[in-house]
Peer 1: 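The structure that follows is given in the form of structure tokens.
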Amino acid sequence: MYRYWLLFRSIVFWLWQIVMTVVLGIPVVIIGLFSFRMGYALAIMWNRSNVYGLKYICGVDWQVDGLENAPDKPCIIMSKHQSTWDTYFLPTLFYPSVFVAKRSLLWIPIFGWALYVLKFIMIDRKSGRSAMSQMCEQAANRLSLGRWVVVFPEGTRRPVGAEPKYRIGGAMVAKKVPCDVLPVALNAGEFWPRMGFIKWPGTITVSIGPVIHSEGKTAAQILAETEAWIEGRMAEITVKDRFPY
């Protein structure tokens with residue numbers, strides 16, 4: 001019976017997301033064409049409507065530790081990625097920020113259009129070196145404009161407890177720009193699972209690590225330090241069998 005109750009709440013939240021996308025997402029696209037500042041402010045309202053909707057409808061709260069580690073100026077954020085929740089929450093924590101994302105997302109109505117007008121870094125992963133060059137150039141531009149650059153080094157959402165598969169891209173950007181890295185570990189996938197519809201009540205932990213300096217290091221060294229901190233912290237905050245998915 002409890003599972004049916006959670007399913008009902010998850011359906012209500014799903015409907016809530018649709019309503020908020022229409023109410024706030026469409027204005028983001030329209031206003032963002034003329035003003036990044038106003039468009040982004042609306043986008044943050046959109047994000048917050050979803051994370052707070054999830055909190056009050058499904059009982060999914062959050063706690064943040066290590067925020068004092070964030071530097072005074074924007075840098076590259078490398079974060080664990082297990083859930084859609086990550087994409088909603090991180091921009092509310094690091095303001096303003098843009099994600100490095102795959103170009104195919106631009107085709108998603110409203111959501112993809114919003115990524116375009118807010119100048120997210122969209123790459124075609126099949127382009128190889130060309131994609132890397134574009135990512136470095138655009139990341140340098142966004143950082144110069146005072147925007148945090150969020151990279152999911154594993155490329156896509158990973159199941160809870162899955163073996164890490166970190167990619168070198170974000171570290172290469174940090175090396176070439178150059179720019180420091182801020183590692184972030186979070187266990188949102190335990191409460192909003194990848195490919196899962198039911199949202200499980202509880203408290204997500206978002207943990208921000210110490211800055212990883214890129215100066216004098218190779219991209220491989222930057223990535224190794226980043227992975228070591230994130231995965232070490234994930235081992236501390238993850239409860240693999242928390243819910244019967």
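Computation of the quantities below employed the complete heavy-atom set of this structure, encompassing side-chain atoms and omitting hydrogens, waters and symmetry-equivalent molecules. This is a predicted model, so every value here is computed, not measured. Residue numbers run from 1 in the order of the sequence given.
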Peer 1: With sequence neighbours left out, what residues match Y2 under side-chain contact (heavy atoms from CB on, under 4.5 Å)?
Peer 2: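 Y2 satisfies side-chain contact (heavy atoms from CB on, under 4.5 Å) with W5, L6, P201 only.
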
Peer 1: Under the salt bridge (Lys or Arg N to Asp or Glu O under 4.0 Å) rule, what pairs show up with a residue in residues 192-219, not counting sequence neighbours?
Peer 2: K217-E225

Peer 1: Just so I know, are the side chains of V173 and V151 near enough to count as touching, which here means a heavy-atom distance under 4.5 Å?
Peer 2: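 No, too far: nothing below the 4.5 Å cut-off.
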
Peer 1: Taking ring pair (Phe, Tyr, Trp, His ring centres under 6.0 Å) as the cut-off, I'd like each qualifying pair that reaches into residues 19-39, sequence neighbours left out, listed once.
Peer 2: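 Of all non-adjacent pairs touching residues 19-39, those that pass ring pair (Phe, Tyr, Trp, His ring centres under 6.0 Å) are F36-Y40.
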
Peer 1: For residues F89 and W62, establish whether the separation of their ring centroids is below 6.0 Å.
Peer 2: yes

Peer 1: For the residue pair L90 and S79, establish whether any side-chain heavy-atom pair is separated by less than 4.5 Å.
Peer 2: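 When only atoms from C-beta onward are counted, S79 and L90 do touch, with a gap below 4.5 Å.
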
Peer 1: Using side-chain contact (heavy atoms from CB on, under 4.5 Å) as the criterion, list what pairs up with E137, not counting sequence neighbours.
Peer 2: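 Expected list: none.
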
Peer 1: The criterion is ring-ring contact (aromatic ring centres under 6.0 Å, His included); which residues satisfy it with Y116, sequence neighbours excluded?
Peer 2: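 Testing Y116 for ring-ring contact (aromatic ring centres under 6.0 Å, His included), a comparison that skips the adjacent residues, returns none.
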
Peer 1: Taking only residues two or more places apart in sequence or in another chain, which ones pass side-chain contact (heavy atoms from CB on, under 4.5 Å) with W107?
Peer 2: none

Peer 1: Does some side-chain heavy atom of V149 sit less than 4.5 Å from a side-chain heavy atom of V98?
Peer 2: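 Result yes, sub-4.5 Å side-chain heavy-atom pair found.
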
Peer 1: The criterion is side-chain contact (heavy atoms from CB on, under 4.5 Å); which residues satisfy it with L223, sequence neighbours excluded?
Peer 2: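 Scan of L223 (side-chain contact (heavy atoms from CB on, under 4.5 Å), adjacent residues dropped) gives Y166, I168, A171.
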
Peer 1: Mind jotting down which residue pairs meet the ring pair (Phe, Tyr, Trp, His ring centres under 6.0 Å) criterion with at least one end in residues 210-230? Sequence neighbours excluded, please.
Peer 2: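 For residues 210-230: none.
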
Peer 1: Please confirm whether the backbone N or O of M122 pairs with a side-chain atom of R103, one donor and one acceptor, at under 3.5 Å?
Peer 2: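 Yes, because the side chain of R103 sits within donor-acceptor range (under 3.5 Å) of the backbone of M122.
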
Peer 1: Would you be so kind as to tabulate the donor-acceptor pairs closer than 3.5 Å made by side chains of residues 65-78, with sequence neighbours excluded?
Peer 2:
| residue | atom | partner | partner atom | Å |
| --- | --- | --- | --- | --- |
| D65 | OD1 | S207 | OG | 2.6 |
| D65 | OD2 | R233 | NH2 | 3.1 |
| N69 | ND2 | G66 | O | 3.4 |
| N69 | ND2 | I208 | O | 2.9 |

Peer 1: Please list all pairs meeting salt bridge (Lys or Arg N to Asp or Glu O under 4.0 Å) that have one or both residues in residues 34-63, counting only residues at least two apart or in different chains.
Peer 2: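 The answer is K55-D61.
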
Peer 1: Please output the side-chain donor-acceptor pairs of residues 13-28 that fall under 3.5 Å, not counting sequence neighbours, one pair per line with the distance.
Peer 2:
| residue | atom | partner | partner atom | Å |
| --- | --- | --- | --- | --- |
| W16 | NE1 | S49 | O | 2.7 |
| Q17 | OE1 | Y88 | OH | 2.7 |
| T21 | OG1 | Q17 | O | 2.8 |

Peer 1: Show every salt bridge (Lys or Arg N to Asp or Glu O under 4.0 Å) that has at least one partner inside residues 74-93, sequence neighbours left out.
Peer 2: K80-E154, K80-E231

Peer 1: If you group Ile, Leu, Val, Met, Phe, Trp and Tyr by side-chain heavy-atom gaps below 4.5 Å, do V51 and V12 land in one group?
Peer 2: yes

